[in-house]
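Take a look at the structure set out below.
Just so we're clear, the structure is a prediction, and the values are computed from it rather than from any experiment. Note on naming: letters A, B, ... go to the chains in the order of the sequence lines (proteins, then strands), and numbering restarts at 1 for each one.
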Number of protein chains: 2
Amino acid sequence: MLSNAAQYAIRSILYLALYSSATQRIRTKKISQDLEVPQPFLAKLLQRLGGADLVSSSKGPNGGFYLNKTNRNKTVWDIIVTVDGTEKFNQCFLGLHTCSDNNPCPVHFNVSPFKQIIKKDFKGKTIAQFSEEIKKRGTVLSLKDFDALHK
Amino acid sequence: MLSNAAQYAIRSILYLALYSSATQRIRTKKISQDLEVPQPFLAKLLQRLGGADLVSSSKGPNGGFYLNKTNRNKTVWDIIVTVDGTEKFNQCFLGLHTCSDNNPCPVHFNVSPFKQIIKKDFKGKTIAQFSEEIKKRGTVLSLKDFDALHK
DNA sequence: CAATTTTAAGACCAAATAGTCTTTAATAGG
DNA sequence: CCTATTAAAGACTATTTGGTCTTAAAATTG
C-alpha cells in the first residue's frame, strides 16, 4: 500500500521523535543502520522531508537530523501525503475510478470502511502523540527492530 | 495494495462469471473495451490465468475466454495469490519483517485486524457466490464501469 | 483442406520506483 | 582560518511493473 520510501519516512520520523532533539542530532548513518534502511536512499529521503518541514537538520560536526516543535506537530498522514501523495491511498481496491459509496465496486464495502478508519487514525494524531504512545506501551509495542538496537 | 494486473484479473474474472459460459465465450477485445483495460496486456494476463486454471479458453472463430465449473469455484484470494503472490498482502504496513501480534510495529493494531477480515472475505467466497451477490444487489452494487456498457 | 479467427508464446519497449555515487556547501572545533 | 564532518544537490544506474508487438498454433467454417 505504501511505497518503501513512505515506510522508511514514517519509521525515521518516529525514530527521531523518540531519540533526537535540537541538541541531540542524529546522522543518517546511524539512522540507516538502526532502521536497516539503505543509507544513501535515506539521506535523499530525509532531504526531501526537510524541504517539506517534516524534519530539521544541521550540517557539520555534530550535525544531523532532529525534530523541532513544528515537526512534532505533523501527522503520519502528512508524511504519507508528502512522500506518496494521496492518490494510491484513496483509490478503489479494484482500480475503478468511478467507485464510491453511491456507486460501489463489488468489494467497496468490504474495504472502504477500513481505509477510512486507518486514514482518520493517521490524520488525528501528531507525531508527538504517536511517540508518547509508543513509549507508554513499552518495548512490546515499540519499533522493535531499532528499539533493541538503540544502545 | 494490489497491482494493476491483479485488479484487472479480478475484474475480468468477475466479468466472465457474469457474462460468459462454455458456449458463450468472450474475446479479449470485448473484455478490454468493456473493462477499459489495455487489450494486449489483458491478453497476456488471461493467458497466465488460464495456466493457473482460473479461466478457460478456446481458440479460433467463436473462441474466447469463459469460466467452467472449476474456475467458478476459485476465490478472489486465489486470483491475488496467482497474480501478486501473498507477500505484499501479508507484509507489515511499515515494512518491518519482524512485525506480528506478539511483536507489533506502532501501527500494527491499527491495520492488521482489517487486513485479516478482508483476507478472510476473499478466501471464503467462491467466484460463483461472488457473482451471485453482484447480480442480487443489482446495478448499484455491480461492476458499474462495465455493467452499463454491456449492451 | 484452405481461409479466417482467435488464443499462446515470447521478445520487446516504457515508465516508475528504488537505490547509488560524486560534488558542493555549511558548520564546528582546534 | 584550516580541517574535518556533516547534510544538500543532483546526476546516474538498476529493478520492477506496466504495456506492446509479432509470430505461431489451434479451431471453426465453407
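For B:S57, a side-chain nitrogen or oxygen approaches OP1 or OP2 of C:dA8 to under 4.0 Å. Under 4.0 angstrom from either OP1 or OP2 of D:dA27 there lies no side-chain N or O belonging to B:N62. A:Y8 has a side-chain polar atom (N or O) that falls below the 4.0 Å cut-off from OP1 or OP2 of C:dG19. For the OP1/OP2 pair of D:dT6 and a distance below 4.0 Å, the side-chain nitrogens and oxygens of A:T28 include no atom meeting the criterion.
Residues B:Y8 and B:P38 come closest through the heavy atom pair OH-CD, 3.9 Å. A:F93 and B:M1 get closest at one heavy-atom pair: CE1-SD, 3.6 Å. Pairing each heavy atom of B:I127 with each of B:A17, the nearest pair is CG2-CB, 3.7 Å. Across A:K115 and A:F89, no two heavy atoms sit closer than the pair NZ-O, 3.3 Å.
Nucleotide D:dT6 holds its C1' atom 12 Å from the CD1 atom of A:I31, rounded to whole Å. For the pair A:R48 CZ and D:dA7 P, the computed distance is 18 Å after rounding to whole Å. Taking atom CD on B:E36 and atom C1' on D:dG18, their separation rounds to 18 Å, with Å as the unit. Residue A:Q47 contributes atom CD, which lies 14 Å from atom P of C:dA25 at whole-angstrom precision. Note: NZ (B:K88) to P (C:dA18) measures 11 Å, nearest angstrom. Here the C1' atom of nucleotide C:dT17 and the CD atom of A:E87 are 15 Å apart, to the nearest Å. Computed from coordinates, the B:F65 CZ to D:dA27 C1' distance equals 14 Å when rounded to whole Å. Following rounding to the nearest Å, B:Y66 (OH) and D:dA27 (P) show an atom-to-atom distance of 11 Å.
Within residues 37-44 of chain A, the residues having any heavy atom closer than 4.0 Å to DNA chain C are, in order of number, A:P38, A:P40, A:F41, A:K44.
With DNA chain C read from its 5' end, the first of the two nearest nucleotides for A:A6 and A:K59 is the one closest to A:A6. With DNA chain D read from its 5' end, the first of the two nearest nucleotides for A:R27 and B:N4 is the one closest to A:R27. Residue whose closest nucleotide on DNA chain C sits further toward the 5' end, between A:S3 and A:R25: A:S3. Positionally, the nearest nucleotide of DNA chain D for A:K29 lies more toward the 5' end than for the other of A:K29 and B:G63.
A donor and an acceptor atom, one from each side chain of A:S56 and A:N68, are located under 3.5 Å apart.
If you check every strand for non-hydrogen atoms under 4.0 Å, A:G50 touches nothing.
Heavy atoms of other residues, nucleotides or ligands lying less than 6.0 angstrom from CD of B:Q129 number more than 12.
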Which pairs of donor and acceptor atoms, one on a side chain in residues 116-123 of chain B, lie under 3.5 Å apart (sequence neighbours left out)?
from: B:K119; atom 1: NZ; to: B:N90; atom 2: OD1; distance (Å): 3.0
from: B:D121; atom 1: OD2; to: A:N110; atom 2: ND2; distance (Å): 2.5

